[in-house]
Novice: 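I'd like to ask some things about the structure below.
All values below were derived from every heavy atom in this structure, side-chain atoms included, with hydrogens, water molecules and symmetry-related copies excluded.
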Amino acid sequence: NGEVRVVTCGADETVRIWAIDGRDALRVLRRHTAWVLGVTTFVVHDDPRVASCSLDKTIRLWDPIGGTQLFLIRLDVECFALCVVGQILVAGHQDGTLSYWDLL
């Protein structure tokens, strides 16, 4: 709908979606079981998406509008950072390695 949103993550094991001028989260995404350290946003086929990574050794892909988890990636190591480059999701891990997945 064109409204600006901010996505945050933290020690409470959640990802939160905020209106840029709001005091309360519009949506709270709960599925991680440890500190969420990384979050990124991207678009696939005109649909907004959120990816989050956690010390629980997972990456989760979310529909930020419906608040549902769309996909789960289980890892062998803790994930500390995420970014999207073109259509590629890149994850940085605790052991200094990178992993990547094609989002299409």
Side-chain angles (χ1 to χ4, degrees):
N1 63 7
E3 296 180 24
V4 176
R5 300 286 186 249
V6 175
V7 181
T8 62
C9 59
D12 65 353
E13 304 173 1
T14 67
V15 174
R16 295 176 187 266
I17 301 170
W18 309 80
I20 194 73
D21 59 354
R23 292 184 183 190
D24 296 319
L26 299 173
R27 186 160 316 281
V28 180
L29 308 176
R30 303 177 203 279
R31 280 293 191 72
H32 284 290
T33 59
W35 194 323
V36 183
L37 295 176
V39 67
T40 191
T41 61
F42 57 98
V43 176
V44 175
H45 303 298
D46 295 326
D47 294 320
R49 297 291 182 245
V50 171
S52 57
C53 67
S54 169
L55 293 179
D56 65 8
K57 298 182 181 179
T58 66
I59 295 173
R60 297 171 191 268
L61 303 183
W62 307 89
D63 169 5
I65 295 171
T68 57
Q69 179 181 298
L70 301 172
F71 199 74
L72 170 68
I73 301 169
R74 295 191 189 277
L75 305 166
D76 293 328
V77 294
E78 296 168 341
C79 180
F80 280 82
L82 290 174
C83 70
V84 173
V85 180
Q87 66 185 35
I88 304 297
L89 175 66
V90 181
H93 305 291
Q94 177 265 344
D95 64 358
T97 62
L98 295 175
S99 298
Y100 60 92
W101 298 266
D102 191 328
L103 294 169
L104 296 181

Novice: Ile88 and Val44: same hydrophobic cluster, using ILVMFWY side-chain contacts below 4.5 Å?
Specialist: no
Novice: Measuring only between side-chain heavy atoms, which start at C-beta, is Val85 closer than 4.5 Å to Tyr100?
Specialist: no
Novice: Report yes or no: do Ser54 and Trp35 form a side-chain donor-acceptor pair below 3.5 Å?
Specialist: no
Novice: Between Val90 and Leu98, does a side-chain contact (heavy atoms from CB on, under 4.5 Å) hold up when you go through it step by step?
Specialist: CA-CA 7 Å; Val90 181; Leu98 295 175; 4.2 Å; yes
Novice: Walk me through it: do Leu89 and Leu82 pass the test side-chain contact (heavy atoms from CB on, under 4.5 Å)?
Specialist: CA-CA 7 Å; Leu89 175 66; Leu82 290 174; 4.1 Å; yes
Novice: Would you check if the side chain of Arg27 reaches a backbone N or O of Ile65 as a donor-acceptor pair within less than 3.5 Å?
Specialist: yes
Novice: Rounded to the nearest 0.5 Å, what's the gap from CG on Asp76 to CD on Gln94? Could you check?
Specialist: 12.0 Å
Novice: Evaluate the side-chain proximity of Leu26 to Arg5: yes if any heavy-atom separation is below 4.5 Å, no if none is.
Specialist: yes
Novice: Out of curiosity, Thr14 OG1 to Arg31 CZ, how far, rounded to the nearest 0.5 Å?
Specialist: 14.0 Å
Novice: Looking at every non-hydrogen atom in both residues, tell me the closest pair between Leu37 and Cys79 and how far apart they are.
Specialist: CD1-O, 3.9 Å
Novice: In this structure, would Leu75 and Leu103 fall into the same cluster of hydrophobic residues linked by side-chain contacts under 4.5 Å?
Specialist: yes
Novice: Under 3.5 Å, is there a donor on one side chain and an acceptor on the other for His32 and Ser52?
Specialist: yes
Novice: Test of understanding: with side-chain hydrogen bond (donor to acceptor under 3.5 Å, both in side chains), list the residues that count as partners of Trp18, not counting sequence neighbours.
Specialist: Thr8
Novice: Taking atom CG as the centre, does Asp95 end up with more than 12 heavy-atom neighbours from other residues, nucleotides or ligands that are less than 6.0 angstrom away?
Specialist: yes
Novice: Val7, Trp62: one ILVMFWY side-chain cluster at the under-4.5 Å cut-off?
Specialist: yes
Novice: Within a strict 4.5 Å, meaning less than it, do heavy atoms of the Thr58 and Ile73 side chains meet?
Specialist: no
Novice: Given the rule that I, L, V, M, F, W and Y join up when any side-chain heavy atoms are under 4.5 Å apart, are Val39 and Val84 in one cluster?
Specialist: no
Novice: Among Asp63, Val36, Thr68, Val15, which residue meets the side chain to side chain contact (heavy atoms under 4.5 Å, CB included) test with Leu29?
Specialist: Val15
Novice: Walk me through it: do Phe71 and Ile59 pass the test side-chain contact (heavy atoms from CB on, under 4.5 Å)?
Specialist: CA-CA 8 Å; Phe71 199 74; Ile59 295 173; over 6 Å; no
Novice: Return yes when atom CG of Asp102 has more than 12 non-hydrogen atoms of other residues, nucleotides or ligands closer than 6.0 Å, and no otherwise.
Specialist: yes
Novice: Going from NZ on Lys57 to CD on Glu78, what distance comes out if it is rounded to the nearest 0.5 angstrom?
Specialist: 6.0 Å
Novice: Looking at Val28 and Arg16, what are the two nearest heavy atoms and their distance?
Specialist: CG2-NH1, 3.3 Å
